[in-house]
Every structure is written in C-alpha cells, then in structure tokens.
Number of protein chains: 2
Amino acid sequence: MLIAEVSEKFELSQDTLRYYERIGLIPRVNRTNSGIRDYTEEDCRWVEFIKCMRGVGLPVETLIDYVRLFQQGEETLETRKELLIEQHKQLLSRMADMQKVLERLEGKIERYDQIIGGTDRQITGFSPVFSPKVRGNKD
Amino acid sequence: MLIAEVSEKFELSQDTLRYYERIGLIPRVNRTNSGIRDYTEEDCRWVEFIKCMRGVGLPVETLIDYVRLFQQGEETLETRKELLIEQHKQLLSRMADMQKVLERLEGKIERYDQIIGGTDRQITGFSPVFSPKVRGNKD
DNA sequence: TTACTCTCTGGAGTTAACTCCAAGTCAAGC
DNA sequence: GCTTGACTTGGAGTTAACTCCAGAGAGTAA
C-alpha cells in the first residue's frame, strides 16, 4: 500500500505519516526496491492505533515509548501493560474534569436561557450569568 | 489582591496571568496608583473560570471571544449562549472518543494480563496484544 | 541613602506537534 | 529519450500556548 492510499484511508497527511515514522511513533515501514514506502496491513494497524490514541491527546512521547517497548519484544510486556494502565488512569482523570466542565456549561446555558427567555429578570453586573454562586449554591 | 497571591491561589504562573490578560483571555485588571495589578473577587472568578475551561482544552481563541462578548454587554447574550452550547457539544464529542479509547485500553490491558499471567499462551507476532481483531471481534 | 523585594512592560525564546519545501530519484507513458 | 507525476530525504518554517528576560519603578527595612 502506497503512502497516498494510507494518507487517504486514515485522513493523515503524507507529511504526518512520514513524520510519525521518522520519530518512531510508528515502526519503520518497508520500502520497495526503488525506496518507496510499502505499507503492510500491520503498518496500517499501527497507523490506525496511533491516530486513535493521538486523537484523544495521549502524548507523542508516551506513544513512542510504547512502540519502542513493543519492538524490544516479550521482556517488555509488563512495562507496556503498566504504561497502558497509567494512560488509562490519566484518561479517566481527564474525563472526570471534562464531566465537571460539562455540567458547569449546562448550568450556565440554563441561566442564559432564563435570562434571555424571561424579560422580567434584572440583568446587571457580572454574577448572574457568570457564576451560580449568587444563587447561593456551591456550583 | 496582588498577582503573587492570585498566582499561588490558582496555581498559574504570574507570567501566565499577565499573558492571559494581555491577550484578553481575562478582562483587564485594575492597577494601583503605582501601576501594580490589584485583583478583585470578580477578577479571581474570571481567572478560575478560564483556568477551568483551559484545563479541559477549550481553545484560547474561543475563550477570548467569550470574554469579548461578555464585555460588550447584554446584546450578546444570545451569541454567548450559542458559543457555550457549541463548546458543550464539542466537549461531549471529545468525551465520546475518549470513552472508546478507554475501553480499547481496557481490552489491551486485559490481554496483557492474560499473556503475562498464563505461561501457556503463545506470544508471537504483532496481533495478540496489539488488536483484538485476531480473536474475531470487531473491537 | 542604600539595599532589597515585588512588580511592571515589551519583546524574545521555547515546546510540542506538525507542515512545508527544495532538490533529487524512479517508473510509466508518449 | 524525455516528460510527468508520485515518491524520497533532510531540514526549515509554522502555530498555539505559554515562558523567560532585561530594564525600570515603587515601597519597605536598616
């Protein structure tokens, strides 16, 4: 599979694919006799995996570590597992933060609704829309 | 409140606080006669709000827009609400992606457990740990 | 008065993660 | 044999979001 197809298939620019390979974010792809990259199915699975992980913000450095460990073989199984567990933990934690923000945004949107909808509400100063604290709750 | 206290309180560097103000990510803070920033409670609420939103990755540009709209007064209430709704939507979508990755990581970790735990499992090639596809499911 | 600490501003520097570019190679078509 | 188009490499440029720095001013302490 040529880089053009892989690029199309995973919606990553050719430059990005070459960059990922250069920095070790995906294992080295074999070349044809004339030096052209020829992606195997396995290469594609790596591309997909990396795209997926990068898509939710796992750091490039960490993923490079994972790929390197992978290439070192069986002796790194434990380390790789720990790496994944750590990333899982961090992802959970980020999602918890996002959940909070989600709810906070919902609260704000609701207050905007009230203000825009009802014409009898006084809209002065900072607080009514900015923070629910004026209503006496703790957010 | 001096910048040192605000910096301490919200765990943002003084440079970051000045930077945020410079680019309009928080409204301009009043100065004392001698030109020193004197943060009000309201300033602090902005700092906290922005820190919280930045913490989950809302883009600086978008938040600058929100602050600017806020300062333009009531006529922007509708626009502000729409901005928040859009961010809420995007946050939800990002969380859905993360949920998928979370599950994918769990699957991988489980497979690592199996491989490391059981000594009778053959560990050759790429697939067993990399992707569940070899087990016949669709991930 | 001198020293010290905190703060100010404008601007330069850094980091992560791409993204673009120039110069060159190769295979295919005319 | 020459052109065309996809590909190669190494390296420079870009973007977002800070982070650092130099030079200067104000307030306090000895």
Side-chain angles (χ1 to χ4, degrees), chain A residues 1-40 43-44 46-68 87 90 94 97 101, chain B residues 1-40 43-44 46-68 87 90 94 97 101:
Chain A
M1 211 174 184
L2 295 179
I3 198 168
E5 305 171 67
V6 179
S7 166
E8 176 108 345
K9 181 166 180 180
F10 297 106
E11 294 175 292
L12 289 170
S13 76
Q14 300 187 15
D15 271 316
T16 298
L17 286 168
R18 282 188 282 256
Y19 166 71
Y20 279 179
E21 185 180 339
R22 192 162 16 167
I23 64 173
L25 193 43
I26 56 172
R28 180 174 168 81
V29 174
N30 273 336
R31 315 295 150 111
T32 65
N33 290 340
S34 50
I36 305 286
R37 282 177 183 78
D38 184 22
Y39 290 79
T40 63
D43 292 328
C44 286
W46 272 112
V47 170
E48 188 278 329
F49 174 66
I50 291 299
K51 182 190 168 156
C52 178
M53 296 300 133
R54 284 293 304 128
V56 298
L58 298 227
V60 165
E61 260 310 311
T62 307
L63 293 169
I64 289 174
D65 286 348
Y66 184 75
V67 173
R68 189 171 45 242
Q87 292 310 308
Q90 292 190 18
R94 285 205 288 134
D97 291 346
V101 169
Chain B
M1 212 173 182
L2 294 178
I3 198 167
E5 305 170 67
V6 178
S7 165
E8 175 109 345
K9 182 166 180 179
F10 297 106
E11 294 176 292
L12 289 170
S13 76
Q14 301 188 15
D15 271 317
T16 299
L17 286 169
R18 282 188 283 256
Y19 166 70
Y20 279 179
E21 185 181 341
R22 190 160 19 164
I23 64 173
L25 194 43
I26 57 172
R28 181 173 166 83
V29 174
N30 273 337
R31 315 294 150 111
T32 65
N33 290 339
S34 49
I36 305 286
R37 282 175 183 80
D38 185 22
Y39 290 79
T40 63
D43 293 329
C44 286
W46 273 111
V47 169
E48 189 277 329
F49 173 67
I50 291 298
K51 181 189 168 157
C52 179
M53 296 299 132
R54 285 291 305 128
V56 298
L58 297 229
V60 165
E61 260 310 310
T62 307
L63 293 168
I64 290 175
D65 286 348
Y66 184 74
V67 172
R68 188 172 46 242
Q87 292 310 307
Q90 292 191 16
R94 286 205 289 134
D97 291 346
V101 170

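Lettering follows sequence order; numbering is per chain, from 1. The shown structure was predicted, so the numbers you read here are calculated from the model rather than taken from an experiment.
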* Asked: Is there a side chain to side chain contact (heavy atoms under 4.5 Å, CB included) between B:K51 and B:L12 once you walk through the steps?
  -> CA-CA 8 Å; B:K51 181 189 168 157; B:L12 289 170; 4.1 Å; yes

* Asked: With a non-hydrogen cut-off below 4.0 angstrom, is A:R22 in contact with a base, only sugar-phosphate, or nothing?
  -> base

* To do: Please work out if B:R18 contacts a base, only the sugar-phosphate, or nothing of the nucleic acid, heavy-atom cut-off 4.0 Å.
  => base

* To do: Step through the shown structure and confirm whether more than 12 heavy atoms of other residues, nucleotides or ligands are within 6.0 Å of CD on B:E5.
  => yes

* Structure fact -> To the nearest angstrom, the CZ-P distance between B:R28 and C:dC8 comes to 10 Å

* Assign A:R31 to base, sugar-phosphate, or nothing according to its heavy-atom contacts below 4.0 angstrom with the strands shown. => sugar-phosphate

* To do: Indicate for each nucleotide in nucleotides 23-30 of chain C, in 5' to 3' sequence, whether protein heavy atoms under 4.0 Å reach the base (B), only the sugar-phosphate (S), or nothing (-).
  => ---SS---

* To do: Mind checking side-chain contact (heavy atoms from CB on, under 4.5 Å) for B:D65 and listing every partner two or more places apart, or none if nothing turns up?
  => B:E61, B:R68, B:L83

* Look at A:K9 together with A:E48 and state whether they make a salt bridge at an N to O cut-off of under 4.0 Å. => no

* **side-chain contact (heavy atoms from CB on, under 4.5 Å) involving B:D38 - partner list, sequence neighbours excluded** => B:T32

* **Residues forming a side-chain contact (heavy atoms from CB on, under 4.5 Å) with A:I23, sequence neighbours excluded** => A:Y19, A:L25, A:V60, A:I64

* Heavy-atom contacts under 4.0 Å between residues 8-16 of chain B and DNA chain D, which residues? -> B:D15, B:T16

* Position toward the 5' end of DNA chain D (nearest nucleotide), B:I36 or A:E21 -> A:E21

* Asked: Heavy-atom distance under 4.5 Å between the side chains of B:Q87 and B:P59, does that happen here?
  -> yes

* Any chance you could measure B:I26, atom CD1, to B:L63, atom CG, to the nearest 0.5 Å? => 12.0 Å

* Residues A:W46, A:Y39; criterion side chain to side chain contact (heavy atoms under 4.5 Å, CB included); working and verdict -> CA-CA 10 Å; A:W46 272 112; A:Y39 290 79; over 6 Å; no

* Asked: Of B:N30, B:D43, B:V6, B:V29, which meets side chain to side chain contact (heavy atoms under 4.5 Å, CB included) against B:R37?
  -> B:V29

* **Minimum side-chain heavy-atom gap B:V56-A:R94 below 4.5 Å** => no

* **Span of DNA chain D, from the first to the last nucleotide whose atoms fall under 4.0 Å of chain A heavy atoms** => D:dC7 to D:dG11

* Would you indicate what A:I23 reaches in the nucleic acid, counting non-hydrogen atoms under 4.0 angstrom: base, sugar-phosphate, or nothing? => nothing

